[in-house]
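Structure incoming, see below.
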Amino acid sequence: MLEIKNLHVKLEEEDKAILKGVDLTVEAGKVHAIMGPNGSGKSTLSYVLSGRDGYEVTDGSATLEGEDILEMEPEERAAAGLFLAFQYPVEIPGVGNMTFLRTAVNAQRKARGEEEMSSAEFLKVIREKAKALKIDAEMLKRPVNVGFSGGEKKRNEILQMAMLEPKMCILDETDSGLDVDAMRLVADGVNALRDAGRAFLVITHYQRLLDHIKPDVVHIMANGRIIKTGGPELALEVEERGYEHLLAEAV
Ligand code: ADP
Ligand code: MG
Ligand code: MG
């Protein structure tokens, strides 16, 4: 599904290398987790995959189902099936949440050569999915994320994901700032979307989210590289012993 090879990224504005040869393959149907200390480049990896400005790829490649995503515009990446839920979801004043979602869903359908969703169908689907995430009708009418609590923003991102039905979902620290109940809702939302044709990359600093979203593969990132890959037990090892000994091993 997603194949990243030897990815090197630096800041556009300064000569500062951030990703220093990331290799990562995520297969369809799998959930991969990336853990790592603060500042190791986890968010940068998700930003670069989403096409955010300010970063320059100096070497390597990233493909989604064999297609070079680094050459695509951000909206083309979304149409190709890539979805990113960010650590800090953006607020969009003046744009109703429901209108935003409907526009996004139909833009994506159009890009895929599919028919638009009718208003009635859209309403039915969004109500169903919002209910499962405990998002009430009032939250659907408010401007996107404006005045939403941290937990509401994260749930709203999972709703966006559920509506867009992407192939490759990347969640960057979707658990940060969430209480246990909100985290469980987010995890349940993700688990409900697990599917043989879809893959997840769950980026998290702490192990606790992985108690609820059971990963198939765990990667440890440090200093701009994946330094270790293993099964779910690797997350438990981090929980017990911290990152220090893994960093020491990798040197
Ligand atoms: P993580 O998500 O693993 O905590 P980040 O990807 O946010 O790590 O950051 C990796 C490193 O790159 C950090 O040292 C951070 O300070 C630096 N960095 C990332 N983006 C910028 C930026 N726009 N300007 C300056 N430094 C940046
Ligand atoms: Mg960070
Ligand atoms: Mg981060």
Side-chain angles (χ1 to χ4, degrees), residues 2 4-24 26 31-62 69-70 74 77 82-91 145 150-151 153-158 160-161 168-178 182-183 186-187 190 200-210 212-213 215 217-230 234-235 237-239 241-251:
L2 177 68
I4 300 170
K5 283 188 187 156
N6 192 34
L7 188 64
H8 285 72
V9 170
K10 74 177 217 26
L11 291 177
E12 222 159 51
E13 297 292 313
E14 354 167 358
D15 240 357
K16 184 179 174 186
I18 300 180
L19 300 184
K20 303 166 187 170
V22 173
D23 288 296
L24 179 69
V26 182
V31 175
H32 285 230
I34 296 185
M35 303 181 74
N38 254 322
S40 52
K42 304 184 298 298
S43 290
T44 301
L45 178 63
S46 61
Y47 294 153
V48 169
L49 293 176
S50 72
R52 182 182 286 209
D53 288 338
Y55 301 96
E56 188 185 321
V57 174
T58 53
D59 203 359
S61 63
I69 46 176
L70 300 177
R77 300 178 197 210
L82 189 66
F83 180 90
L84 284 109
F86 291 114
Q87 193 166 357
Y88 306 105
V90 288
E91 301 184 1
N145 289 329
K153 283 182 183 172
K154 300 295 166 82
R155 269 146 54 204
N156 202 40
E157 287 228 286
I158 303 301
Q160 289 173 15
M161 189 163 86
M168 181 72 230
C169 308
I170 302 177
L171 296 100
D172 185 14
E173 305 230 3
T174 300
D175 50 336
S176 64
L178 290 189
M183 191 177 64
V186 164
V190 168
F200 291 86
L201 188 58
V202 178
I203 300 174
T204 182
H205 185 72
Y206 297 106
Q207 190 265 338
R208 58 171 204 167
L209 182 67
L210 305 180
H212 304 287
I213 303 174
V217 182
V218 175
H219 308 275
I220 307 295
M221 188 163 185
N223 195 20
R225 276 193 201 97
I226 303 288
I227 60 161
K228 191 166 183 175
T229 293
L234 193 50
E237 192 181 328
V238 166
E239 178 81 350
R241 304 174 63 194
Y243 289 111
E244 288 301 324
H245 77 283
L246 288 174
L247 302 187
E249 261 175 34
V251 174

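Given the structure is predicted, the values throughout are model-derived calculations rather than measurements. Each ligand, and each atom within it, is numbered from 1 in the order the structure gives.
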- Message: Yes or no: does G36 have any heavy atom under 4.0 Å from an atom of ligand 1?
- Response: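 No, G36 has no heavy atoms under 4.0 Å from ligand 1.
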
- Item | Audit row: R208, E239, salt bridge (Lys or Arg N to Asp or Glu O under 4.0 Å) steps and yes/no | CA-CA 9 Å; R208 58 171 204 167; E239 178 81 350; over 6 Å; no

- Item | For atom 14 (O) of ligand 1, the option (of K16, M221, E13) bearing the nearest heavy atom |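 It is K16 whose heavy atom sits nearest to atom 14 (O) of ligand 1.
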
- Item | Distance in Å, S61 OG paired with K5 NZ, rounded so as to fall on 0.5 Å steps | 6.0 Å

- Do the side chain of R77 and the main chain of I69 share a donor and acceptor less than 3.5 angstrom apart?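 It does hold such a pair.
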
- Item | Interatomic spacing from NE2 in H32 to CD1 in I226 - rounded to 0.5 Å | 10.5 Å

- Query: Would you find a donor on one side and an acceptor on the other, under 3.5 Å apart, between the side chain of H219 and the backbone of M35?
  - Reply: no

- Task: Give a yes or no on this: more than 12 heavy atoms of other residues, nucleotides or ligands lie within 6.0 Å of atom CD of E12.
- Result: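 Enclosed: over 12 neighbouring heavy atoms sit under 6.0 Å from CD of E12.
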
- Item | Heavy-atom nearest option to atom 1 (P) of ligand 1, drawn from G224, G39, P37 | G39

- Query: For I203, does its backbone N or O pair with a side-chain atom of D172 as donor and acceptor, under 3.5 Å?
  - Reply: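 Here the side-chain-to-backbone pair does not exist.
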
- Query: Would one find an N, O or S atom of S43, in either backbone or side chain, under 2.8 Å from the Mg ion (ligand 3)?
  - Reply: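 Yes, S43 qualifies, because one of its backbone or side-chain N, O or S atoms lies under 2.8 Å.
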
- Are any of the N/O atoms in E14 less than 3.5 Å from those in ligand 1? no

- Task: Could you check V202, L45, V218, T229 and say which one makes a side-chain contact (heavy atoms from CB on, under 4.5 Å) with I34?
- Result: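 Testing each of V202, L45, V218, T229 against I34, the sole residue satisfying side-chain contact (heavy atoms from CB on, under 4.5 Å) is L45.
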
- Item | Per atom 23 (N) of ligand 1, closest listed option by heavy atom (L11, T44, N38, I34) | L11

- Does I18, backbone or side chain, put an N or O under 3.5 Å from an N or O of ligand 1?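 The answer is no, given that I18 and ligand 1 share no N or O pair closer than 3.5 Å.
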
- contact_flag G54 ligand 1 heavy-atom lt 4.0 Å: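 Not so, G54 does not reach ligand 1.
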
- For ligand 1, which atoms sit closer than 4.0 Å to a heavy atom of S40?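 Within the 4.0 Å cut-off of S40, ligand 1 contributes 1 (P), 3 (O), 8 (O).
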
- Item | Any Y55 heavy atom less than 4.0 Å to ligand 1 |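 Yes, Y55 has a heavy atom closer than 4.0 Å to ligand 1.
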
- Those atoms of ligand 1 less than 4.0 Å from some heavy atom in S43: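 Close to S43: 1 (P), 2 (O), 6 (O), 7 (O).
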
